[in-house]
Amino acid sequence: MNNEQTYLDSLFEKYLHAKRIFKHKEVLRHSYTPKELPHRREQIETLAHILVPVLKGETPSNIFVYGKTGTGKTVTIKFVTEELKKASKKYSVPVDVIYLNCEVVDTQYRVLANIVNYFKHESGFEVPLVGWPTDEVYSRLKEVIDAKERFVIIILDEIDKLIKKNGDDILYNLTRINTELQNARVSIIGISNDLRFKEYLDARVLSSLSEEEVVFPPYDASQLRDILEQRAKYAFNDGVLDAAVIPLCAALAAKEHGDARKALDLLRVSGEIAEREGAEKVLERHVRKAQEKIEHDTMEEVIKTLPLHSKLVLYAVVVLDENDALPANTGEVYVVYKEICEALDVEPLTQRRVSDLINELDMLGIINAKVVSKGRYGRTKEIRLNIPAFKVKNMFRRDYHLQSLLAMDFLKQRRLFA
DNA sequence: CCTCCACAGGAACAGGTGGGAA
DNA sequence: TTCCCACCTGTTCCTGTGGAGG
């Protein structure tokens, strides 16, 4: 047998094994809506109960839904509203469900524009993504919605993001829109990860938005196990999962506030790693590898796409870390940052701006910035690095600006904290 | 109890981009 | 083309503040 032949054999061999792991991988993606939602019966019933007046031609209450990430809020709402749409056909009540994710659609203008554009096939016009005055879009919205008798359910997912950035004007407008409509009725379902977000709301808005509240508690490990098992049945071929795999994925995800999304990602990536290795079964060690890979990949993606000055600020924190100068305060980070800018011949930003960049890095989980008061010695942030310095440097190694910085071994030459 | 540090973080504004409309 | 608008980055100027040390 010649080399070419062996190569071809192993090529097919690998392919065969690869086929053995997954049956329907897409079942493990979070965009997939399963036909059954384990451990969410109570929430489904509550939501159905709140929405059922629609079928009798009455306006349902607005709903406020909250729970941490990966507790099944979005998937449950989508499921229930889908069912409602099916039922509404039977009773011939026209219902439109508009789903908006406020992480993407994150201004009052975009929310309104998206709603108007939802009806573009019916109304025949479209609002541009920028350009119009907001109140014009709003009156166009009323016109379009009110064109006939119907119920419009607007789902605002991650509504906290929208409010934190823009205040509660949108909600104020949307919650009282019914008083200005003749034919149509609008109700709103707000979904939030953050319970404290209610503090940002005006009392009137709050009382009208949270006429009904539905809470999604985190899943515990055994519930996560049920969810994974249900999906694994369709996703994987029989017998390819080692008995320890699902419990481990569930346990790891349960540790992080019972996040089902995380659990599904772990299971999927474990399968992918096993597949790539050409293994016949998914084993515990694949899950461990998957966890590392997920963590590393998301962090790397975030850091790579950071704007230049955020990278420089982060690099300043790395330098401080390597000088054992952490936790540092804002002033110290700013001093190092300015030196880095000078070394690279880049115009530094003001401290005010850098302070905001530090907050952004904190939000991304790359660093940790806690506001502390040191009494006589002022009020500042205590800044720490959340990932090992060498990992950050490795990610920077491919960055055009920072390469030179690493090459000149900035840290040692400058002797910043001798 | 008061002071005063070293900032936090809000407000107003400037300048630029990218898009639609007349 | 020119004008308008939303939105972003960034600056300047500013007021507010928790708590150690006097």
Side-chain angles (χ1 to χ4, degrees), chain A residues 100-117 119-120 123-141 143-144 156 158 160-174 194 196-197 199-202 302 305-317 320 325-342 344-364 366-384 401 417:
Chain A
L100 297 175
N101 187 327
C102 301
E103 179 144 42
V104 191
V105 186
D106 62 351
T107 63
Q108 155 146 284
Y109 182 91
R110 286 182 193 154
V111 169
L112 298 175
N114 269 281
I115 299 171
V116 175
N117 289 345
F119 294 106
K120 68 184 170 198
S123 62
F125 63 74
E126 218 174 327
V127 175
L129 290 171
V130 288
W132 282 21
T134 306
D135 45 349
E136 170 117 28
V137 183
Y138 184 65
S139 49
R140 206 44 86 82
L141 166 80
E143 208 176 285
V144 167
L156 297 171
E158 316 220 27
D160 44 330
K161 302 257 164 59
L162 181 67
I163 301 317
K164 273 178 203 157
K165 275 187 75 172
N166 305 280
D168 56 6
D169 284 10
I170 317 114
L171 290 182
Y172 183 71
N173 289 332
L174 285 180
D194 183 3
R196 284 172 307 146
F197 126 91
E199 293 162 18
Y200 294 83
L201 294 179
D202 181 278
V302 170
T305 55
L306 242 31
L308 174 65
H309 284 281
S310 297
K311 283 182 183 165
L312 298 181
V313 171
L314 175 57
Y315 196 79
V317 179
L320 284 159
L326 293 185
N329 57 35
T330 309
E332 287 159 5
V333 172
Y334 188 63
V335 168
V336 178
Y337 160 80
K338 272 209 293 200
E339 293 212 32
I340 292 172
C341 285
E342 202 183 310
L344 290 178
D345 213 8
V346 172
E347 206 45 42
L349 303 176
T350 56
Q351 183 161 337
R352 178 68 187 84
R353 181 65 185 143
V354 168
S355 172
D356 280 345
L357 295 183
I358 288 172
N359 285 341
E360 281 169 29
L361 290 173
D362 175 71
M363 293 261 285
L364 293 169
I366 302 168
I367 64 173
N368 200 303
K370 204 172 85 196
V371 184
V372 290
S373 182
K374 296 183 193 294
R376 171 112 311 188
Y377 308 101
R379 208 161 101 82
T380 181
K381 289 196 193 92
E382 236 172 37
I383 298 158
R384 268 171 252 265
H401 281 281
F417 304 96

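We use all heavy atoms of the structure for the numbers below, so side chains are in, but hydrogens, waters and symmetry mates are not. Numbered from 1 within each chain, the chains take letters A, B, ... in sequence-line order.
One interatomic measurement links the two molecules: CG of A/Leu112 to P of C/dC7, which rounds to 10 Å at whole-angstrom precision. When the C1' atom of C/dC3 is taken as reference, atom CD of A/Glu136 falls 15 Å away, rounded to whole Å. Between the P atom of C/dC4 and the CG atom of A/Asp135 lies a distance of 16 Å, rounded to the nearest Å.
Legend: residues meeting side-chain hydrogen bond (donor to acceptor under 3.5 Å, both in side chains) with A/Asn359, ordered by chain and number and at least two apart, are A/Lys381. Take A/Lys120 and apply the side chain to side chain contact (heavy atoms under 4.5 Å, CB included) test, not counting sequence neighbours, and it matches A/Glu126.
Of all heavy-atom pairs spanning A/Val116 and A/Arg140, the tightest one is CG2-C, 4.4 Å.
When atom types are taken as modelled, the side chain of A/Glu382 and the backbone of A/Lys370 share no donor-acceptor pair closer than 3.5 angstrom.
A sub-4.0 Å separation between OP1 or OP2 of C/dC7 and a side-chain N or O of A/Thr107 is present. In terms of phosphate contacts, A/Ser373 brings no side-chain nitrogen or oxygen within less than 4.0 Å of OP1 or OP2 of C/dT17.
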> How does each nucleotide of nucleotides 2-14 of chain B score, in 5' to 3' order, for protein heavy atoms under 4.0 Å: base (B), sugar-phosphate only (S), or none (-)?
Replying inline: -BSBBBSBB----

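Counting heavy atoms from C-beta outward, A/Leu361 and A/Leu306 have side chains that approach closer than 4.5 Å. Between A/Val104 and A/Glu158 the shortest side-chain heavy-atom distance does not fall below 4.5 Å.
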